[in-house]
Amino acid sequence: MRLFGLLKKNRKNCEYVKVYSPMNGKVMSLESVPDEAFSKKMIGDGCAIDPSEGSVFAPVEGEVDIFDTNHAVTFEMENGLEMIVHLGIDTVDLEGTGFERIGEPGSLVRIGDELVKYDLDFIRKNTKSAISPIIITSMDDVESIEVLARGEVKAGDLLMKIKMKKRDIKNNQ
């Protein structure tokens with residue numbers, strides 16, 4: 001991530017970060033994701049959604065990057081927190097088939113901006129699963145993650161609350 005990387009020395013010291021649902025569907029625990037890298041939290045912590053529609057929206061404000069294959073979207077927030085929304089399991093193998101990029105990599109997005117559309121039926125038929133992990137990847141900055149949503153969610157519903165570790169602003173740590 002480029003834009004906020006330059007500003008890290010001027011990070012805001014906020015206590016909590018709210019993450020909103022990037023899609024419509026059913027909230028699930030990471031442990032139920034049918035991929036060990038996600039279910040064992042090797043990439044980070046968060047939750048997952050079994051989508052009911054094929055659109056992904058920005059769950060936070062920040063700089064966005066979209067993988068070349070459009071199967072995953074990453075975010076870096078102004079406070080340096082990083083996250084990924086991974087659309088389904090083993091979807092990288094589709095090499096972009098079934099996905100349509102809407103957002104522009106490297107741009108600053110607002111909560112609710114549409115970033116990727118995808119053919120949900122195609123994903124379900126041609127991959128291991130459509131379940132989509134939503135993961136905080138910069139766990140060194142995180143004190144705790146609380147998944148607030150249960151059951152069915154709509155894009156834009158409050159999903160998680162992240163408690164950030166306190167930083168010494170003078171030393172920029």
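Small disclaimer: the values here were computed from a predicted structure and weren't measured.
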Does any non-hydrogen side-chain atom of Val73 lie less than 4.5 Å from one of Val116?
yes
Given side chains that start at C-beta, do those of Asp35 and Asp90 come closer than 4.5 Å, heavy atoms only?
yes
Taking the side chain from Asn126 and the backbone from Ile123, do they hold a donor-acceptor pair closer than 3.5 Å?
no
Pair Leu87, Val56 - check side chain to side chain contact (heavy atoms under 4.5 Å, CB included), show working.
CA-CA 8 Å; Leu87 312 174; Val56 176; 3.1 Å; yes
Compute the ring centroids of His71 and Phe99, then answer whether they are less than 6.0 Å apart.
no
Would you please name every residue forming a side-chain hydrogen bond (donor to acceptor under 3.5 Å, both in side chains) with Asp45, sequence neighbours left out?
Lys41
Do the side chains of Val60 and Phe67 join up, straight or via other hydrophobic residues, at under 4.5 Å, putting them in one cluster?
no
Partners of Glu114 by side chain to side chain contact (heavy atoms under 4.5 Å, CB included), sequence neighbours excluded?
Ser55, Phe57, Ile102, Lys117
Could you check whether atom CD of Glu31 has more than 12 heavy atoms from other residues, nucleotides or ligands sitting under 6.0 Å from it?
yes
To the nearest 0.5 Å, what is the distance between CG (Asp113) and CD (Glu104)?
12.5 Å
Between Ser21 and Val153 the two heavy atoms that sit nearest each other are OG-CG2, 3.4 Å
I'd like to know if the side chain of Ser32 reaches the main chain of Met28, judged simply by a donor and an acceptor atom lying under 3.5 Å from each other, with no hydrogens or angles considered.
no
Of the options Ile145, Val142, Leu81, which is the one that meets Val17 in a side-chain contact (heavy atoms from CB on, under 4.5 Å)?
Leu81
With side chains defined as the heavy atoms from C-beta onward, is the minimum distance between Phe75 and Val85 less than 4.5 Å?
yes
For Gly96, is there any backbone N or O sitting under 3.5 Å from a side-chain donor or acceptor partner on Thr69?
no
Is there a donor-acceptor pair under 3.5 Å between the side chain of Ser132 and the backbone N or O of Ala130?
yes
Side chain proximity check, Met160 to Cys47, heavy atoms < 4.5 angstrom:
yes
Arg150: side chain to side chain contact (heavy atoms under 4.5 Å, CB included) partners, not counting sequence neighbours
Val147
Under 4.5 Å between side-chain heavy atoms, hopping through other hydrophobics if needed: is there a path connecting Ile134 to Tyr118?
yes
Residues that Tyr20 engages under side chain to side chain contact (heavy atoms under 4.5 Å, CB included), provided they are two or more places apart:
Lys18, Ile111, Leu158
Nearest-0.5 Å distance that lies between atom OG in Ser144 and atom NZ in Lys161
8.5 Å
Sub-4.5 Å side-chain heavy-atom contact between Val109 and Glu61
no
Apply the hydrophobic cluster definition, ILVMFWY joined by side-chain contacts under 4.5 Å directly or through others, and give me every member besides Val92.
none
Between Asp65 (side chain only) and Gly106 (backbone N and O only), is there a donor and an acceptor less than 3.5 Å apart?
no
For the hydrophobic clusters of this structure (ILVMFWY residues joined by side-chain heavy atoms under 4.5 Å, transitively), does one cluster hold both Leu120 and Val27?
yes
Working to the nearest 0.5 Å, report the span between CG of Asn24 and NZ of Lys154.
5.0 Å
Should the heavy atoms of other residues, nucleotides or ligands under 6.0 Å from NZ of Lys128 be counted, would the total exceed 12?
yes
With heavy-atom distances below 4.5 Å as the criterion, would you say the side chains of Glu36 and Met42 are in contact?
yes
Mark yes or no for whether Thr137, through its side chain, and Glu82, through its backbone, hold a donor-acceptor pair below 3.5 Å.
yes
Under the salt bridge (charged side-chain N to carboxylate O under 4.0 Å, His left out) test against Glu143, which residue among Lys163, Lys165, Lys166 passes?
Lys163
With the side chain counted from C-beta on, respond yes when Pro22 and Ile49 share a heavy-atom pair under 4.5 Å apart, and no when they do not.
yes
Quick check for you: to the nearest 0.5 Å, what is the distance between Leu159 atom CG and Met23 atom CE?
10.0 Å
Is it possible for you to say whether Val19 and Leu30 belong to one hydrophobic cluster, with membership spreading through side-chain heavy-atom contacts below 4.5 Å?
no
Pairs meeting criterion ring-ring contact (aromatic ring centres under 6.0 Å, His included) with involvement of residues 121-147, two or more places apart:
none
What's the separation between atom CG in Leu108 and atom CD in Glu78, rounded to the nearest 0.5 Å?
9.5 Å
Shared ILVMFWY cluster between Met164 and Ile84, side chains joined below 4.5 angstrom?
no
Salt bridge or not between Asp50 and Arg124? Use side-chain N to carboxylate O under 4.0 Å.
yes
For Ile135 and His86: C-alpha separation, side-chain torsions, deciding distance, then whether side chain to side chain contact (heavy atoms under 4.5 Å, CB included) applies.
CA-CA 8 Å; Ile135 306 225; His86 195 281; over 6 Å; no
pair Glu100-Asp119: side-chain heavy atoms closer than 4.5 Å:
no
Is it true that, when you exclude Asp68 itself, more than 12 heavy atoms of the residues, nucleotides or ligands shown sit nearer than 6.0 Å to its CG?
no
